[in-house]
Amino acid sequence: MLFFFLWYEAYSAASQQFKSVLLTITPFMEDAGIDEAFLDISELLDASESIVVRIKTRIKEKTGLTCSIGIAPNKLLAKIASDMQKPDGLTTLNEGDVECQLWPLPIRKLYGVGPKTEAHLKDIGIETIGQLAASSAEKLIETFGHSYGHYLYDASRGIDDSPLVTHWEPKSISRETTFQEDVKNWQVIARTLAELTKEVVADMQEHGYQTRTVTIKIRFSDFQTLTRAKTISDYTDAEEEIRKAAFACLKRIDLNKRVRLIGVRASNLEKVTS
DNA sequence: TCTGGGGTCCTAGGACCC
DNA sequence: TCTGGGGTCCTAGGACCC
């Protein structure tokens, strides 16, 4: 059985406290952002509701803040449940509740459905999770592709086999910035790219990663967004080499419009073993 | 929402190799 | 010499999340 915590107005200091309280309950915790976490308490003997009361009390003591909790057999349902009673709530959602609790909800409440998918679904007459569940897998896969179509089919039924992830390595490290005013001056763009690259490299070095793929992102004043990537032959954390790759990417973009945002990302990461 | 920043995953197409 | 299929890597862009 898994929990999800949603916790309002969290600050990083409080976030630490929050996570440490959870870890006193079980090591099976998945960090899901500054103010959210999943807890797998299926191995614990206590009745889940009594554990929840204990956790709420301790979090209140340590941080002075309240949290909303969802209890469910999987992460998807736990997250949706936590959102059902907003401040300081506690909601249990079981497989048997899917039809009466999940299906009446608007599709946007389903994790993974954003504004684009919402609009697309409404175009084909689907407004609730129940209506989504009434669609065939074939239709959804045809419309949304194999992976996402499958996901929607399962998720609309409350099915989620995703495991709890207690530890993971970053896939990429990036920095981006939006200019106060859209810029045309190449010098300013270049200087900013160099600064962002420096920050990315510092971050990589601090956490012991090397990269092979450098991607830059440019957003113009009309919101057109371009990316250019360069993969180099060997993993590196050398600033000069990474900056060269970033500038090689920049050269491939025609800067004929004012630039609103510039960013740089290092991916294809490898942990340095020392 | 006239739109901030740091992430993840997916898809499609092209290049290249066997 | 020509053709084709499959696998892998890389690139670019899109959608979503907190």
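Bear in mind the structure is a predicted one, so any value in this text is a computation, not a measurement. Naming: A, B, ... by sequence-line order, numbering from 1 per chain.
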What nucleotide, of C:dA15, C:dC18, B:dT8, holds the atom closest to the side chain of A:Pro170?
-> B:dT8

P gap between B:dA15 and C:dT1, integer Å = 22 Å

Kindly point out which of C:dT11, C:dG13, B:dG7 is positioned nearest to the side chain of A:Leu226?
-> C:dG13

May I ask you to evaluate whether A:Thr227 reaches the phosphate of C:dA12, defined as a side-chain N or O under 4.0 Å from OP1 or OP2?
-> no

Between A:Arg260 and A:Glu181, does at least one N-O distance fall below 4.0 Å, as a salt bridge requires?
-> no

Verify the contact: side-chain N or O of A:Ser172 to OP1 or OP2 of B:dG7, cut-off strictly under 4.0 Å; return yes or no.
-> no

How far does the C1' atom of B:dG4 sit from the matching atom of C:dC17, given to the nearest Å?
-> 14 Å

Look at the side-chain N and O atoms of A:Arg212 and state whether any lies under 4.0 Å from the OP1 or OP2 oxygen of C:dC10.
-> yes

Pair A:Asp234 + A:Arg212: basic N to acidic O under 4.0 Å | no

Given DNA chain B, 5'-ward residue of the pair A:Ser221 and A:Glu169, judged by closest heavy atom | A:Ser221

Separation of B:dT8 P from A:Leu269 CG (nearest whole Å) | 8 Å

Looking only at side-chain atoms of A:His146, point me to the closest of C:dG13, B:dT11, C:dT11.
-> B:dT11

Face-to-face contact A:Tyr148 to B:dC10 six-ring, under 5.5 Å, under 30° | no

Take A:Gly145 and A:Arg265, find for each the nucleotide of DNA chain B with the closest heavy atom, and name the residue whose nucleotide sits nearer the 5' end.
-> A:Arg265

G-U wobble or Watson-Crick pairing nucleotide for B:dC18 (cut-off 3.5 Å, both distances) | C:dG5

Salt bridge present between A:Glu118 and A:Lys122 (N-O < 4.0 angstrom) | yes

In this structure, which one of A:Leu226, A:Asp182, A:Leu261 forms a side-chain contact (heavy atoms from CB on, under 4.5 Å) with A:Phe220?
-> A:Leu226

When we call it a touch if two heavy atoms are under 4.0 Å apart, what does A:Arg219 touch: a base, just sugar-phosphate, or nothing?
-> nothing

Candidates A:Ile126, A:Ile124, A:Thr143, A:Leu152 - the one meeting side-chain contact (heavy atoms from CB on, under 4.5 Å) with A:Ser135 | A:Ile126

Rounding to a whole Å, what distance do you find between A:Leu196:CG and B:dG5:P?
-> 10 Å

Of the listed nucleotides C:dA15, B:dC9, B:dG5, the one nearest the side chain of A:Lys171 | B:dC9

Scan A:Thr177 against the nucleic acid and name what it touches under 4.0 Å (heavy atoms): base, sugar-phosphate only, or nothing.
-> sugar-phosphate

